[in-house]
*Asks:* 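Would you mind keeping the following structure in view while I ask a few things?
For this chain, numbers begin at 1 and follow the sequence in order.
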Amino acid sequence: MSRYISPVLYILMMLIGCAAFVSISGVRVGFIEPITAFEMLRKTVYAAIVLTVLTAASLLICRKECSAGGRRFFILIGVVSFIYSVMWVGLYMQKSKLPDLYDITTDLNNPPVFINITYLRKASEHGLAYDFSAVPLQKKYYPEIKPLVVDTPFKEAYIEAVSLVKERGWEMVSQYPSAGVIEATARTPIFGMRNDIVIRISQQQESVVVDMRSCSRAGKSDHGNNAERISGFLGELGSRLKPVPKEFAFRN
C-alpha cells in the first residue's frame, strides 16, 4: 500500500509548495492582490497540517510493509509539512496580538506630510491623510516610537539620513535638503509589499529633531513592520550622529 500512498503524499507536498510560491511571488510581481495571496497562503497552511496528519497515519498503517527507505520518505514529508505549518502558525500567533494599524509616526500631533508619494499610490490603496483616531492605539502598543533629538548640525543629520536610506536599499523617491525632507519606499521581506516613508529633519533651538512616518499601502494591519522600521532606522541613525570637530568636512 505504501507504494500507492507515497506518490500521493509527494504530489500534495509539491502542490502546497507551488501554491505558497505563487502567492508570495504574485504579490511581489504585482499580479495578485495581497488579500487574495494571504487567503491562498492560509489555505496552504491548513493543507500542510492535514498533510502532516495523513503522513503520520500512513506511516502507522504501513509500518510493517514499509522498507527503511519508505519510512524515511514518510518521515521527510511529515517533518517538512510540520515545520512549514508551525512556522506560519507561530508567526500568525505572534502578529495577531498587534493592533490594526498601518500608519506609524514619531510625531502624533503634527505627522510628517508625504509630498511626491501621493502621486504614486493607486486609488485602491490607503490614502495618506493621517487618521488621528489611531493615536491612542499607537501610544498603547508602540510607546517607544519617539522623535530622534541630536546635537548635530542640520546638514550632517540630513546627509547621514540620506546615506542610511540608501544603505538599507529603500527606493529613494524625493529629496528636499533645504526643507529637511526625504521620501522613500521600502518593501517587506517576504511579500515585498510597499511601505512608504517620509523623514523630516528640523532645527529646533539648539537641537536637530528627526521625525519619521512609515505607512503601508494595503492591509488593515502592518503586523508591526512600520514600527520596527522606524525604531531600527532612528536607532542606527542616532548611533551615527555625534558631535563632530569644527574642521569636519561634509561629504558630497
*Asks:* Using every non-hydrogen atom in the two residues, find where S207 and Q203 come nearest and quote the distance to one decimal.
*Replies:*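 Shortest heavy-atom separation between S207 and Q203 comes out as O-NE2, 3.2 Å.
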
*Asks:* May I ask you to check whether Y46 and W88 place their ring centers less than 6.0 Å from one another?
*Replies:*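 No: the rings miss the under 6.0 Å criterion.
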
*Asks:* Heavy atoms only: give me the nearest S23-F191 pair and the separation to one decimal.
*Replies:*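 The answer is O-CE2, 4.1 Å.
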
*Asks:* Under 4.0 Å between a side-chain nitrogen and a carboxylate oxygen: does that hold for K122 and E125?
*Replies:* no

*Asks:* Side-chain heavy atoms under 4.5 angstrom apart, residues restricted to Ile, Leu, Val, Met, Phe, Trp, Tyr: same cluster for V113 and M172?
*Replies:* no

*Asks:* Are M13 and V80 packed together at the side-chain level, in the sense that at least one heavy-atom pair is separated by less than 4.5 angstrom?
*Replies:* yes

*Asks:* Contact between K220 and D100 at the side-chain level, heavy atoms closer than 4.5 Å - yes or no?
*Replies:*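 With C-beta onward as the side chain, the pair touches.
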
*Asks:* Just verifying a value: how many Å separate E228 CD and I104 CD1, rounded to the nearest 0.5 Å?
*Replies:* 11.0 Å

*Asks:* Would you check if there is a donor-acceptor pair between the side chains of D222 and S216 at a distance under 3.5 Å?
*Replies:*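 Side-chain D/A pair, S216 to D222: absent.
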
*Asks:* With heavy-atom distances below 4.5 Å as the criterion, would you say the side chains of R168 and E236 are in contact?
*Replies:* yes

*Asks:* Are D151 and E206 close enough that some pair of their side-chain heavy atoms sits under 4.5 Å apart?
*Replies:* no

*Asks:* Going by distance alone, is a donor N or O of one side chain under 3.5 Å from an acceptor N or O of the other, for R229 and S214?
*Replies:*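 Note: R229 and S214 side chains meet the donor-acceptor criterion.
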
*Asks:* Members other than L15 in its cluster, when Ile, Leu, Val, Met, Phe, Trp, Tyr link by side-chain heavy atoms under 4.5 Å?
*Replies:* I11

*Asks:* Kindly indicate whether the side chain of F233, heavy atoms from C-beta on, has any atom under 4.5 Å from the side chain of I199.
*Replies:* yes

*Asks:* Run L101 and Y142 through side chain to side chain contact (heavy atoms under 4.5 Å, CB included) and show every step you take.
*Replies:* CA-CA 11 Å; L101 290 176; Y142 307 117; 4.0 Å; yes

*Asks:* Parallel, tilted or perpendicular: which one describes the rings of F73 and Y10, with boundaries at 30° and 60°?
*Replies:*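 The arrangement is tilted - the two ring planes meet at 30° to 60°.
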
*Asks:* Enter the distance from L12:CG to M14:CE here, rounded to the nearest 0.5 Å.
*Replies:* 10.5 Å

*Asks:* In terms of hydrophobic clustering (I, L, V, M, F, W, Y; side-chain heavy atoms under 4.5 Å; direct or indirect links), are I77 and I49 co-clustered?
*Replies:* yes

*Asks:* Ignoring hydrogens and geometry, is there a side-chain-to-backbone donor-acceptor pair from S163 to I159 under 3.5 Å?
*Replies:*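 Checking the backbone N and O of I159 against the side chain of S163, no donor-acceptor pair under 3.5 Å is found.
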
*Asks:* Less than 4.5 Å apart, side chain to side chain, heavy atoms only: is that true for N226 and N195?
*Replies:*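 With C-beta onward as the side chain, the pair touches.
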
*Asks:* Would you confirm whether the ring centroid of Y130 sits within less than 6.0 angstrom of the ring centroid of F132?
*Replies:*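 Close enough - the centres of the two rings lie under 6.0 Å apart.
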
*Asks:* Other hydrophobic cluster members with Y119, side-chain heavy atoms of Ile/Leu/Val/Met/Phe/Trp/Tyr under 4.5 Å, chained?
*Replies:*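 Taking Ile, Leu, Val, Met, Phe, Trp and Tyr as members, Y119 stands alone, with no cluster partners.
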
*Asks:* List in chain and number order the residues that pass side chain to side chain contact (heavy atoms under 4.5 Å, CB included) with S231, two or more places apart in sequence or in another chain; answer none if no residue qualifies.
*Replies:* I145

*Asks:* When you compare the side chains of T105 and D107, does any donor N or O come within less than 3.5 Å of an acceptor on the partner?
*Replies:*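 Short answer, no.
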
*Asks:* For E167 and R240, run salt bridge (charged side-chain N to carboxylate O under 4.0 Å, His left out): C-alpha distance rounded to whole Å, both residues' side-chain angles, the deciding distance at 0.1 Å, then the answer.
*Replies:* CA-CA 13 Å; E167 287 177 21; R240 296 184 179 194; 2.5 Å; yes

*Asks:* Measure the CZ-CG distance between R72 and L59 for me, rounded to the nearest 0.5 Å.
*Replies:*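 One finds 12.5 Å between CZ of R72 and CG of L59.
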
*Asks:* Is it the case that the side chains of N225 and T188 hold a donor-acceptor pair, with the cut-off being a distance below 3.5 Å and no angle test?
*Replies:*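 Short answer, no.
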
*Asks:* Yes or no on salt bridge (charged side-chain N to carboxylate O under 4.0 Å, His left out) for E171 and R187, after CA distance, side-chain angles and deciding distance?
*Replies:* CA-CA 9 Å; E171 179 185 350; R187 304 191 72 175; over 6 Å; no

*Asks:* Does a sphere of radius 6.0 Å around CZ in F82 hold more than 12 heavy atoms from other residues, nucleotides or ligands, not counting ones at 6.0 Å or beyond?
*Replies:*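 Open: at most 12 neighbouring heavy atoms sit under 6.0 Å from CZ of F82.
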
*Asks:* Could you state the interatomic distance from CH2 (W170) to CD1 (I182), rounded to the nearest 0.5 Å?
*Replies:*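 One finds 10.0 Å between CH2 of W170 and CD1 of I182.
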
*Asks:* Kindly give the heavy-atom pair with the smallest separation between P99 and L137, and that separation in Å.
*Replies:* CB-CD2, 4.2 Å

*Asks:* What closest approach, in Å, do A157 and I201 show between heavy atoms, and which atom pair accounts for it?
*Replies:*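 For A157 versus I201, the nearest heavy atoms are O-CD1, 3.8 Å.
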
*Asks:* Considering all heavy atoms of both residues, which atom of F154 and which atom of S178 are nearest to each other, and what is their separation?
*Replies:*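 The answer is CZ-O, 4.4 Å.
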
*Asks:* Linking I/L/V/M/F/W/Y whenever their side-chain heavy atoms sit closer than 4.5 Å, directly or via other members, would I16 and V8 fall into one cluster?
*Replies:*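 Cluster IDs for I16 and V8 match.
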
*Asks:* Please lay out, stage by stage, how L234 and V210 fare under the test side chain to side chain contact (heavy atoms under 4.5 Å, CB included).
*Replies:* CA-CA 8 Å; L234 294 184; V210 183; 3.8 Å; yes

*Asks:* For the pair M212 and V198, evaluate side chain to side chain contact (heavy atoms under 4.5 Å, CB included) and give the outcome as yes or no after the intermediate values.
*Replies:* CA-CA 6 Å; M212 186 172 174; V198 57; over 6 Å; no

*Asks:* By side chain to side chain contact (heavy atoms under 4.5 Å, CB included), which residues pair with A57, not counting sequence neighbours?
*Replies:*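 A57 satisfies side chain to side chain contact (heavy atoms under 4.5 Å, CB included) with no residue once adjacent residues are dropped.
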
*Asks:* Under the side chain to side chain contact (heavy atoms under 4.5 Å, CB included) rule, collect the residues that match up with L120, sequence neighbours excluded.
*Replies:*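 L120 satisfies side chain to side chain contact (heavy atoms under 4.5 Å, CB included) with I117, V173, R217 once adjacent residues are dropped.
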
*Asks:* Nearest 0.5 angstrom please: T106 OG1 to Q138 CD, how far?
*Replies:*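 CD of Q138 is found 8.5 Å from OG1 of T106.
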
*Asks:* With a 4.5 Å limit on heavy-atom distance, are the side chains of V162 and Q175 in contact?
*Replies:*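 They are in side-chain contact.
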
*Asks:* What residues form a side chain to side chain contact (heavy atoms under 4.5 Å, CB included) with I115, not counting sequence neighbours?
*Replies:*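 Testing I115 for side chain to side chain contact (heavy atoms under 4.5 Å, CB included), a comparison that skips the adjacent residues, returns Y176, V181, E183.
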
*Asks:* Answer yes or no: is there a donor N or O on one side and an acceptor on the other, between the side chain of H126 and the main chain of G219, under 3.5 Å?
*Replies:* yes

*Asks:* Assess the residue pair D196 and R121 against the criterion (side chain to side chain contact (heavy atoms under 4.5 Å, CB included)); give the C-alpha distance rounded to whole Å, side-chain angles, the decisive distance to 0.1 Å, and a yes or no.
*Replies:* CA-CA 10 Å; D196 295 313; R121 290 203 168 189; 2.8 Å; yes

*Asks:* With a 4.5 Å cut-off on side-chain heavy-atom distances among I, L, V, M, F, W and Y, is there a chain of contacts connecting V150 to L164?
*Replies:* yes

*Asks:* Quick check: closest heavy atoms across G78 and T55, and the distance to 0.1 Å?
*Replies:*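 For G78 versus T55, the nearest heavy atoms are N-CG2, 3.6 Å.
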
*Asks:* Find out if a path of hydrophobic residues (ILVMFWY) with successive side-chain heavy-atom gaps under 4.5 Å connects L54 to V86.
*Replies:* no

*Asks:* Are side-chain heavy atoms of Y102 and C215 found at a separation under 4.5 Å?
*Replies:* yes

